[in-house]
Engineer: 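One structure coming up, written as structure tokens, with questions to follow.
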Amino acid sequence: MSSNAESPIIHLSSRKFILFCLLASVGLLILGRFINIPPWVIAVEVFVTVITLFILGSIRYRLDKNALTYGAALIIVATFWNQWWEGSQLRVDYILNGWPIIFDFFHHHFLTLHGLDAIFHADTMLFILGLTFFVGVIAQTRMLETASFSVLEKTKGAVVPTIAILAALVAVLSGILDGVSMIGLMIRILVIILFLAKAKDDAVVYAVIVSTVVTTVCGMWLAYGEPPNLIMKSNLHPHLDNAFFLRFCAPVAVGSYFIVYWNIRKRLKGSHINTKTLDVLDRNTADIRFLQASRHGEVLTPIEFVEEHQEQLGDHFEPVINRLHHGEPLGHALVKEDVAPAIRRAMMGKFVSENLSEVLDKHYAGHSEAADHKIALALDHVRTQRIRAQIIGGLSFIPFIGLLIAHAINHDIPLFYASFAGFVVAFSGIYSVPKVKKLALKEARHEYSEYLFLFPLFLSITLLQKTGFFGLLSELLHAGLDKIGPAHMAYLQFTGCTFLSAMLDNNVVADFAGRAIQGLEVSVIHLFAMSQIAGYAVGGCWTHIGSAQSVVAYSFIQKEVNNRFTPYQWMRAMTPVILEIFILMTLVIYGESWLFHIATK
């Protein structure tokens with residue numbers, strides 16, 4: 001029996017929680033008329049909010065994180081209003097000039113990009129919005145599958161070199177595109193390759209786990225792919241430009257990649273796939289997955305598909321799943337387990353295409369020598385559509401990268417123009433395929449919904465900054481710099497961000513930590529920013545809830561590989577990698593400090 005069955009998740013009412021927070025905020029507004037609420041209360045409220053996010057994301061009692069943060073924001077705003085309004089310049093101006101001042105204030109802060117950017121990183125969040133839709137479209141062109149199986153052919157089926165090249169490609173793309181989308185693609189292709197290689201389940205699980213390092217730590221080489229990087233860049237503009245990320249963050253990304261490679265190699269050394277005997281569906285993975293999307297509006301691995309048809313398979317379900325885990329094609333598994341021909345044909349029609357169901361069944365049953373030829377002919381049209389979409393998808397990077405460069409030269413050009421331009425061009429490549437188009441938009445909407453909880457958190461941290469809280473943190477940092485020096489303080493920053501990001505969402509840690517080092521000298525900011533960026537990337541991998549990538553990977557493992565997999569097993573598997581990256585960061589931080597000392601001596 002799975003752990004999920006022993007401890008069923010209990011979902012708390014979002015509506016009741018929001019109502020409670022609304023009543024509490026009204027009560028605070030009334031209470032503020034009679035007593036002065038001290039500024040530190042806001043710090044406590046923000047702290048309780050982020051800790052509650054961790055607790056209610058880890059135990060059996062769950063509350064929707066959007067309900068939690070939006071409800072908490074009502075209380076935090078009410079508390080801030082009581083402290084701010086009576087002594088604010090806006091109140092003085094309102095008394096002197098009346099309502100027009102209020103309208104001007106509202107227009108600037110809530111109806112302009114500059115005003116919204118100051119409150120909750122509007123330009124960054126819009127860029128992420130465009131990026132999720134851009135990557136969602138690129139994903140449906142099956143570029144990564146095409147590249148991966150091309151590499152598998154070039155390496156003649158050697159698993160370790162194939163995964164090494166795939167990981168390097170994903171690491172590079174994670175610095176430019178959205179790491180959450182990249183891990184969703186990467187882990188599915190990894191699982192396909194490892195099952196073809198007949199790898200054991202524990203090796204498959206480990207490869208999925210360390211994929212989080214590839215898309216977070218290895219993706220920190222540039223600002224645009226990872227939302228926390230963009231948040232840090234926004235908080236510390238103009239000190240963090242692309243040159244900073246290439247100079248300070250890229251070495252850590254490269255070093256972490258080799259750590260991942262070393263650990264993967266130890267577990268998969270010698271694994272091999274005979275590419276000459278691959279099944280017809282496996283040889284044409286990119287075409288099959290494009291066909292699935294265009295015919296059915298979804299893309300599933302064989303295991304995902306079989307799990308959706310468990311009731312239909314009945315007693316055949318477990319044996320078929322076991323065969324899939326040992327690398328057998330779906331069709332062969334169904335035939336060898338004596339699944340009824342009518343059920344086989346119906347399932348292959350749903351998995352691939354109804355007009356191929358009979359010829360596929362004959363192919364797997366060994367009754368038709370011409371089956372492969374018929375299947376190949378049927379895939380020709382699909383391949384033409386896929387290649388056309390991929391070409392347009394490739395062209396979409398021209399306006400995307402061009403506008404990124406334009407933004408880097410002139411920050412008056414909003415960042416989100418780049419991602420939206422890339423999306424519009426890429427979308428034209430799949431527009432004529434209705435179900436592919438619908439799937440891309442659906443998956444992008446679902447992914448961006450995972451970021452909505454950040455808006456009220458960013459607002460809360462902005463209000464906390466207005467209370468002078470980060471000024472106090474800055475004073476503590478200056479005191480630490482004077483007492484123990486920048487190297488030790490930077491290492492403490494890295495360690496602190498790592499542990500915080502393991503418990504909390506690393507986007508929140510990035511916003512909080514970035515504001516704390518505003519106003520320091522540029523040389524110190526660079527050292528501290530690099531340490532913090534590495535810290536929240538590493539911490540985000542350490543636990544199953546530290547980052548969006550970890551959440552995706554953990555959910556995939558439980559659903560597709562091992563439904564008994566626990567958070568403890570995740571941490572046990574990940575901790576050796578984390579310790580190795582700690583050693584790397586020790587060398588990098590103290591090495592950078594030594595270089596800075598030599599340069600300024």
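Side-chain atoms are counted along with the backbone in the values below, which use heavy atoms only and exclude waters and symmetry mates.
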Engineer: Only one of L268, I557, L194, I264 forms a side-chain contact (heavy atoms from CB on, under 4.5 Å) with Y206, so which one is it?
Structural biologist: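 Testing each of L268, I557, L194, I264 against Y206, the sole residue satisfying side-chain contact (heavy atoms from CB on, under 4.5 Å) is I264.
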Engineer: Does T155 use its side chain to pair, donor to acceptor, with the backbone of V151 at less than 3.5 Å?
Structural biologist: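 Here the side-chain-to-backbone pair exists.
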Engineer: In terms of heavy-atom contacts, does OH of Y417 have more than 12 from other residues, nucleotides or ligands at under 6.0 Å?
Structural biologist: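 Not buried by this count: 12 neighbours or fewer within 6.0 Å.
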Engineer: Applying side-chain contact (heavy atoms from CB on, under 4.5 Å) between F453 and each of L68, L53, D64, report the one that passes.
Structural biologist: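 Exactly one candidate clears the test, L53.
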Engineer: Using a strict threshold of under 4.0 Å (side-chain N to carboxylate O), is an ion pair present between R188 and E145?
Structural biologist: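 Salt bridge between E145 and R188, a charged N being under 4.0 Å from a carboxylate O: no.
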Engineer: Identify the residue among F134, F133, F127 that makes a ring pair (Phe, Tyr, Trp, His ring centres under 6.0 Å) with F423.
Structural biologist: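 Running ring pair (Phe, Tyr, Trp, His ring centres under 6.0 Å) over F134, F133, F127 with F423 returns exactly one hit, F133.
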Engineer: Could you tell me whether the side chain of T215 and the main chain of S174 form a donor-acceptor pair under 3.5 Å?
Structural biologist: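 Flag not set: sc T215 to bb S174 has no pair under 3.5 Å.
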Engineer: Step by step, would you call I138 with S396 a side-chain contact (heavy atoms from CB on, under 4.5 Å)?
Structural biologist: CA-CA 9 Å; I138 293 297; S396 67; 3.9 Å; yes
Engineer: Could you verify whether a donor N or O on one side chain and an acceptor N or O on the other, from T575 and W542, lie under 3.5 Å apart?
Structural biologist: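 Yes, side-chain donor-acceptor contact under 3.5 Å.
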Engineer: Just wondering, do M348 and L281 contact through their side chains at under 4.5 Å, heavy atoms?
Structural biologist: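 SC-SC contact between L281 and M348 confirmed.
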Engineer: Would you check if K442 and E298 make a side-chain contact, meaning some heavy-atom pair closer than 4.5 Å?
Structural biologist: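 No, too far: nothing below the 4.5 Å cut-off.
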Engineer: Should we say atom CD of E307 is surrounded by more than 12 heavy atoms from elsewhere, each under 6.0 Å from it?
Structural biologist: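 Correct, the count exceeds 12.
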Engineer: Can you confirm if the NZ or CZ of R386 lies within 45° of the ring axis of F290 and under 6.0 Å from the centre of its six-membered ring?
Structural biologist: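 No, R386 does not sit over the ring of F290.
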Engineer: Are any non-hydrogen side-chain atoms of L129 and F420 less than 4.5 angstrom apart?
Structural biologist: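 Contact flag for L129/F420 side chains = yes.
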Engineer: If the threshold is 4.0 Å, N to carboxylate O, is there a salt bridge linking E308 and K350?
Structural biologist: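 The answer is no: the pair does not qualify as a salt bridge.
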Engineer: Would L144 and M182 satisfy side-chain contact (heavy atoms from CB on, under 4.5 Å), going step by step from the backbone distance to the final call?
Structural biologist: CA-CA 9 Å; L144 199 55; M182 295 311 303; 4.3 Å; yes
Engineer: When R142 is tested against each of V299, I288, L291 for side-chain contact (heavy atoms from CB on, under 4.5 Å), which residue passes?
Structural biologist: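 Of all the options given, the one that passes is V299.
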Engineer: Take L415 and L230 through the test side-chain contact (heavy atoms from CB on, under 4.5 Å) and record every step on the way to the result.
Structural biologist: CA-CA 10 Å; L415 181 61; L230 285 167; 3.6 Å; yes
Engineer: Within the 4.5 Å heavy-atom criterion, are F195 and D201 side-chain neighbours or not?
Structural biologist: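 Side-chain contact under 4.5 Å: yes.
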